[in-house]
Amino acid sequence: KLIKVEQPNALVTHCHAHSLSLSVKSTTEQCKILSDVMNTSKEIVNLIKYSPKRENILGDIKKNLQEEVSTGGILKLSATRWTIRAVCFKRIIDNYEALMLTWEKCLDERSVDAEVRGRIIGCQAQMSTFHFFFGIHLGHRLFSQTDNLSKSLQTTKMSSLDGQRLTR
């Protein structure tokens, strides 16, 4: 509105980065494999990030695996920012073996209540399927592209015309 007041001939253009985020969300929800992977990934993140005990178990297992390249921990998925998913998926891929061992260790403990035990068994079962393994890799590849595009669209010197050209 402020631009229109200053320059009445200006054309209204929606934020390209926001439009990209909305289209990624819509597409992901319509694709069953990506939707399933997203739901399982959210559950993995919730089980790890909202339990300091499980997060410490994961960290200890990663140390014991003596990985050559240190991988970061699991990252939270933003409910509204759909163009920052690639890093979250990459962290799950990088920590795949450690996560599976974490689920085993958690299930061995008697102190885990029935609801959390069921959620862990569900994540473990999903992560054991080709459907999830393929989906998490596919999601990582796709979201890497949309994340890069989103970053480019949000640069300070990006004009509306340049944004349109990038999105084609």
Side-chain angles (χ1 to χ4, degrees), residues 13-52 54-103 106 119-120 122-168:
T13 303
H14 293 285
C15 173
H16 294 298
H18 183 67
S19 296
L20 173 66
S21 183
L22 292 175
S23 65
V24 169
K25 178 183 181 201
S26 175
T27 303
T28 301
E29 289 172 346
Q30 292 175 19
C31 177
K32 181 162 177 36
I33 192 166
L34 289 177
S35 179
D36 291 348
V37 166
M38 189 66 67
N39 290 334
T40 303
S41 298
K42 285 179 189 175
E43 187 63 19
I44 291 167
V45 168
N46 289 339
L47 284 168
I48 297 296
K49 295 307 281 183
Y50 294 107
S51 170
R54 284 188 289 275
E55 197 163 20
N56 285 334
I57 291 171
L58 177 63
D60 291 344
I61 287 172
K62 285 172 53 175
K63 285 179 192 171
N64 290 336
L65 289 175
Q66 297 176 349
E67 298 170 348
E68 293 175 17
V69 178
S70 178
T71 58
I74 303 300
L75 293 176
K76 293 180 183 176
L77 290 164
S78 170
T80 55
R81 300 206 48 213
W82 280 80
T83 53
I84 57 167
R85 305 295 168 136
V87 176
C88 301
F89 280 15
K90 179 72 171 136
R91 294 284 181 90
I92 290 173
I93 292 167
D94 291 345
N95 290 289
Y96 214 89
E97 182 181 4
L99 282 165
M100 294 301 275
L101 292 170
T102 299
W103 302 146
C106 290
R119 291 170 55 200
I120 290 171
C123 284
Q124 185 182 42
Q126 285 298 310
M127 288 179 71
S128 298
T129 65
F130 175 76
H131 182 83
F132 180 81
F133 189 78
F134 175 75
I136 195 95
H137 282 83
L138 174 65
H140 175 254
R141 298 281 301 235
L142 292 173
F143 288 127
S144 291
Q145 298 301 314
T146 59
D147 293 2
N148 288 337
L149 177 56
S150 180
K151 286 177 193 168
S152 296
L153 290 171
Q154 295 178 57
T155 59
T156 56
K157 296 188 183 210
M158 179 65 60
S159 71
S160 181
L161 183 59
D162 289 338
Q164 283 182 324
R165 287 181 183 147
L166 270 178
T167 57
R168 290 183 186 174

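Please read these numbers as outputs of a predicted model, since none were measured by experiment.
- Summarising the geometry of Thr102 relative to Arg54, their closest heavy-atom pair is CG2-O, 4.1 Å, with the distance given to 0.1 Å.
- Annotation: side chain of Cys88 is not in contact with side chain of Val45 (no heavy-atom distance under 4.5 Å).
- Checking side-chain atoms of Thr40 against main-chain N and O of Val37 turns up no donor-acceptor pair under 3.5 Å.
- Ser35 places no side-chain N or O within 3.5 Å of a backbone atom of Cys31 that could act as its donor or acceptor partner.
- The distance from the CD1 atom of Ile93 to the CG atom of Leu99 is 11.5 Å, given to the nearest 0.5 Å.
- The two residues Arg119 and Asn46 make their nearest non-hydrogen contact at NH2-CB, 4.0 Å.
- Counting all heavy atoms, side chain and backbone alike, Phe89 lies closest to Ser41 at CE1-OG, 3.6 Å.
- Rounding to the nearest 0.5 Å places NE2 of His137 at 13.0 Å from CG of Leu142.
- To the nearest 0.5 Å, the span separating CZ on Phe132 from CD1 on Ile92 amounts to 5.5 Å.
- For OH of Tyr96, the number of neighbouring non-hydrogen atoms (other residues, nucleotides, ligands) closer than 6.0 Å is greater than 12.
- Residues Leu65 and Leu101 form a side-chain contact, since some pair of their non-hydrogen atoms from C-beta on lies under 4.5 Å apart.
- With values rounded to the nearest 0.5 angstrom, Glu43 atom CD is found 14.5 Å from Met38 atom CE.
- A pairwise comparison of heavy atoms in Gly135 and Leu34 identifies O-CD2, 4.0 Å as the closest pair.
- Atom-to-atom distance recorded for Cys123:SG and Met100:CE is 10.0 Å, nearest 0.5 angstrom.
- Aromatic ring orientation, Phe134 versus Phe130: parallel (interplanar angle below 30°, classes split at 30° and 60°).
- Within the 4.5 Å cutoff, the side chain of Ile136 has no heavy atoms near those of the His140 side chain.
- Glu55 and Ile48 get closest at one heavy-atom pair: CB-O, 3.7 Å.
- Contact detail for Met127 and Trp103: the closest heavy-atom pair is SD-NE1, 3.3 Å.
- Between Gln126 and Asn39, every side-chain heavy-atom pair lies at or beyond the 4.5 Å cut-off.
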